[in-house]
Amino acid sequence: MRSQQTWDTREWQRPLHVVIVGGGVMGAATAWFLTREHGVRVTVLERDASYARASSALSACAIRQQFSTAINIRVSQDSLAFYRNIGTELAVGDERPTIGLVEPGYLYLAATAAGAATLREQHTLQAEHAVHTALLTPNALSSRFPWISTDGLVLGSLGLSTATSGEGWFDGYAAMQAFRRAATAIGVQFLEEEAVGFESSANDHTSRVQAVHTASGQRIAGEAFVIAAGAWSAGVANMLGLTLPVYARKRDVFAIETTFDPADPAHLALGKAPLVIDPSGVWFRPEAQPGQFLCGAPPRGDDVNDAPLDQVDHGLFDEIIWPALAARVPAFDTLRVTSSWAGYYEMNTFDHNGLVGALGGYANAYTACGFSGHGLQQAPVVGRGLAELIATGEYLTLDLTPLRVSRLAEGRPLLEKNVI
């Protein structure tokens with residue numbers, strides 16, 4: 001595998017102590033792999049141990065393989081394999097974590113010839129990487145999903161669960177806590193601390209980070225440092241004089257309830273629906289209880305992206321989501337909102353893909369951030385890969401070089417088209 005480092009990996013020395021800024025799922029996964037697989041001592045700094053604003057706790061938590069880039073497909077496939085076996089992977093003694101993973105699939109809908117062409121193009125790419133999808137005409141959609149209205153539709157793409165691929169959703173907060181508990185059990189130290197600055201040194205060849213300073217006055221030294229602070233990663237990187245195009249982008253989620261008739265076959269089928277992405281951008285998926293669903297849509301303009309999380313845009317539901325749901329699913333003509341919340345995407349505005357690996361300008365600084373809504377589903381593989389890079393100087397299992405941070409300076413975007 002290729003290394004992202006600029007020096008000869010034969011001179012590589014494994015760090016004895018790694019400090020990670022950010023204790024969400026990405027930081028916790030990286031810490032677990034560093035200690036479990038490579039014997040590295042890790043300290044994780046998380047400013048809010050309640051995770052009240054963390055994306056790991058507020059995400060709708062889905063996993064898919066219907067991406068438009070090969071690296072995202074591979075990362076999600078391997079992460080799905082991990083999540084399917086998480087009870088064994090992250091067992092602590094007799095405690096085997098569960099995350100409620102289900103795999104009913106994703107259903108992307110296209111209403112234009114151009115949209116259908118995109119689905120066909122991506123179907124070809126996905127098939128090349130053992131992702132199993134079915135392209136469905138309007139008649140096939142009606143036959144398979146009796147609850148759907150196909151008015152205006154041209155094509156649908158449905159992800160199918162197999163040994164190599166699958167799509168669905170899970171409890172992301174439970175997954176994050178499972179990584180944290182497993183990491184703690186093998187010696188990773190989690191501190192409720194906020195990073196406020198870094199200490200570094202430089203010579204003729206390169207700069208090195210020596211320590212991080214916290215709001216409580218602590219100085220925590222280490223041999224390597226990782227920024228995995230989600231939507232706040234750019235602010236942390238700025239303390240090193242680095243600029244990352246990662247911004248907090250709010251997404252509102254609505255829990256809804258509709259009339260459920262157990263004698264109606266269409267209602268029964270709707271309760272087993274995949275996660276549906278309408279051409280309007282509105283999405284929905286069923287919950288475990290009959291008649292209950294989650295739904296959402298992209299925000300209405302850039303001005304609301306950075307709004308506080310307690311400012312849910314209820315107008316988005318009334319004006320955009322509900323009309324689209326009722327038009328696509330007649331059973332949604334009457335429904336009510338039972339709860340709502342918001343969480344941040346850590347949006348990488350450069351190309352909507354994660355930034356993983358070495359941070360330019362420093363020999364021992366790294367990041368894993370900017371996943372633009374698919375960080376939870378990719379955390380196991382990104383955490384594993386970043387741990388390999390830090391501990392050995394190269395990727396050992398899956399080459400994550402396409403996600404390198406240096407593509408920003410290179411001006412080479414790796415554009416992900418499928419961002420919900």
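- In terms of modelled atom types and a separation under 3.5 Å, the side chain of R285 and the main chain of A60 share a donor-acceptor contact.
- In plain terms, the two heavy atoms of R64 and F67 that are nearest each other are O-CE1, 3.3 Å.
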request  = Decide yes or no on side chain to side chain donor-acceptor pair (under 3.5 Å) for T397 and E388, but give the supporting numbers first.
outcome  = CA-CA 8 Å; T397 49; E388 292 169 352; 2.8 Å; yes

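- By the neighbour-count criterion of 12 heavy atoms within 6.0 Å, atom CZ of R219 is densely surrounded, having more than that number from other residues, nucleotides or ligands.
- The two residues P402 and L414 make their nearest non-hydrogen contact at O-CD2, 3.6 Å.
- A salt bridge links R47 with E194; the closest basic N to acidic carboxylate O contact falls under 4.0 Å.
- By the neighbour-count criterion of 12 heavy atoms within 6.0 Å, atom CZ of R328 is densely surrounded, having more than that number from other residues, nucleotides or ligands.
- With contacts defined as side-chain heavy-atom distances shorter than 4.5 Å, the pair L403/L355 does not qualify.
- Of the candidates V226, V188, L45, I20 forms a side-chain contact (heavy atoms from CB on, under 4.5 Å) with just one, namely V226.
- With 3.5 Å as the limit, one finds no donor-acceptor pair spanning the side chains of H38 and T392.
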query = Between I321 and I256, does a side-chain contact (heavy atoms from CB on, under 4.5 Å) hold up when you go through it step by step?
reply = CA-CA 11 Å; I321 297 176; I256 60 175; over 6 Å; no

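- In this structure the side chain of E257 never reaches within 4.5 angstrom of the side chain of L335, judged on heavy atoms.
- Shortest non-hydrogen contact noted between V282 and A297 is CG2-CB, 4.0 Å.
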inquiry  = Determine whether T43 and H17 satisfy the following criterion, side chain to side chain donor-acceptor pair (under 3.5 Å), listing intermediate values before the conclusion.
reply    = CA-CA 8 Å; T43 299; H17 182 211; 2.8 Å; yes

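- The two residues F371 and V356 come nearest to each other via the heavy atoms CZ-CG2, 3.7 Å.
- Residues W283 and L294 share a closest heavy-atom pair of CZ3-O, 3.7 Å.
- One N or O on the side chain of S79 and one on the backbone of V75 form a donor-acceptor pair closer than 3.5 Å.
- Here the two rings, on Y83 and F170, have centers that are under 6.0 Å apart.
- When atom types are taken as modelled, the side chain of N238 and the backbone of G241 share no donor-acceptor pair closer than 3.5 angstrom.
- The backbone N or O of T401 sits less than 3.5 Å from a side-chain atom of R404, completing a donor-acceptor pair.
- Side chain to side chain, E199 and H213 meet the donor-acceptor criterion of an N or O pair below 3.5 Å.
- The pair R384-D78 counts as a salt bridge, with a side-chain nitrogen and a carboxylate oxygen less than 4.0 angstrom apart.
- The OG atom of S165 sits 6.5 Å away from atom CD of Q77, with the distance rounded to the nearest 0.5 Å.
- Panel note: side chain Q292, backbone E287; no donor-acceptor pair is recorded below 3.5 Å.
- Ring planes of F254 and F317: tilted class, angle from 30 to 60°.
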inquiry  = With side-chain contact (heavy atoms from CB on, under 4.5 Å) as the criterion, how do T349 and V246 come out once you've worked through the C-alpha distance, each side chain's angles and the decisive distance to 0.1 Å?
reply    = CA-CA 6 Å; T349 57; V246 178; over 6 Å; no

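- In the model, Q126 has no side-chain atom that pairs as donor or acceptor with a side-chain atom of Q65 under 3.5 Å.
- To the nearest 0.5 Å, atoms CD1 (I63) and CG (L80) are separated by 4.5 Å.
- Checked against F145 for a side-chain contact (heavy atoms from CB on, under 4.5 Å), the options L270, T150, L158 give a single hit: L158.
- In this structure a side-chain-to-backbone donor-acceptor pair under 3.5 Å is present from Y362 to L240.
- Looking at V18 and E223, their side chains never come closer than 4.5 Å, going by heavy atoms from C-beta outward.
- No donor-acceptor pair under 3.5 Å is formed between the side chain of E103 and the backbone N or O of G166.
- The ring-ring contact (aromatic ring centres under 6.0 Å, His included) with F332 is formed by just one residue from the set W322, W147, F293; it is F293.
- With a 6.0 Å cutoff to the six-membered ring centre and a 45° limit on the axis angle, R251 counts as a cation-pi contact of Y345.
- When side chains are defined from C-beta on, T184 does not count as touching V92, because their heavy atoms never get closer than 4.5 Å.
- A donor-acceptor pair shorter than 3.5 Å cannot be found between the side chains of R41 and T35.
- In terms of modelled atom types and a separation under 3.5 Å, the side chain of T118 and the main chain of A116 share no donor-acceptor contact.
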request  = Evaluate the side-chain contact (heavy atoms from CB on, under 4.5 Å) criterion for residues V381 and L398: first the C-alpha distance (whole Å), next the side-chain angles of each, then the deciding distance (0.1 Å), finally the verdict.
outcome  = CA-CA 8 Å; V381 169; L398 178 62; 3.8 Å; yes

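- Note on D351 versus R412: no salt bridge recorded, every NZ/NE/NH1/NH2 to OD/OE distance being 4.0 Å or above.
- The side-chain tip of R181 does not point at the ring of W32 from less than 6.0 angstrom away and within 45° of straight on.
- A donor-acceptor pair shorter than 3.5 Å can be found between the side chains of N72 and N353.
- Side-chain atoms of H123 and T133 include a donor-acceptor pair closer than 3.5 Å.
- Of the possible polar contacts, one joining the E46 side chain to the D48 backbone as a donor-acceptor pair under 3.5 Å is found.
- Looking at K250 and D252, a side-chain N of the basic residue comes within less than 4.0 Å of a carboxylate O on the acidic one, giving a salt bridge.
- Although no hydrogens or angles enter the test, the distance criterion places a donor-acceptor pair under 3.5 Å between the side chain of S56 and the main chain of V25.
- In this structure, R180 satisfies the cation-pi test against F190, with its NZ or CZ atom closer than 6.0 Å to the six-membered ring centre and inside 45 degrees of the ring normal.
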query = Would I227 and Y366 satisfy side-chain contact (heavy atoms from CB on, under 4.5 Å), going step by step from the backbone distance to the final call?
reply = CA-CA 6 Å; I227 297 173; Y366 305 82; over 6 Å; no

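- Inspection of the S55 and E346 side chains reveals no N or O donor paired with an N or O acceptor under 3.5 Å.
- Taking OG of S68 as the reference point, atom NE2 of H352 lies at 11.0 Å (rounded to 0.5 Å).
- If you check the side chains of Q122 and S157, you find no donor sitting under 3.5 Å from an acceptor.
- In this structure, OH in Y247 is found 12.5 Å from OG in S233, a value given to the nearest 0.5 Å.
- Taking the side chain as every heavy atom from C-beta outward, S200 and Q210 never approach each other to under 4.5 Å.
- Here the side chains of S340 and H314 are in contact, with some heavy-atom distance below 4.5 Å.
- The CZ atom of F179 sits 9.0 Å away from atom OG1 of T30, with the distance rounded to the nearest 0.5 Å.
- For the pair L244/V405, a side-chain contact is recorded, criterion being any heavy-atom separation below 4.5 Å from C-beta on.
- A side-chain donor from one of R96 and T88 sits under 3.5 Å from a side-chain acceptor of the other.
- When all heavy atoms of A324 and S280 are compared, the closest pair comes out as CB-OG, 3.7 Å.
- Under a cutoff of 6.0 Å and an axis angle of 45°, R53 and Y51 do not form a cation-pi pair.
- From L107, atom CG reaches atom CG of D278 across 9.5 Å, with rounding to the nearest 0.5 Å.
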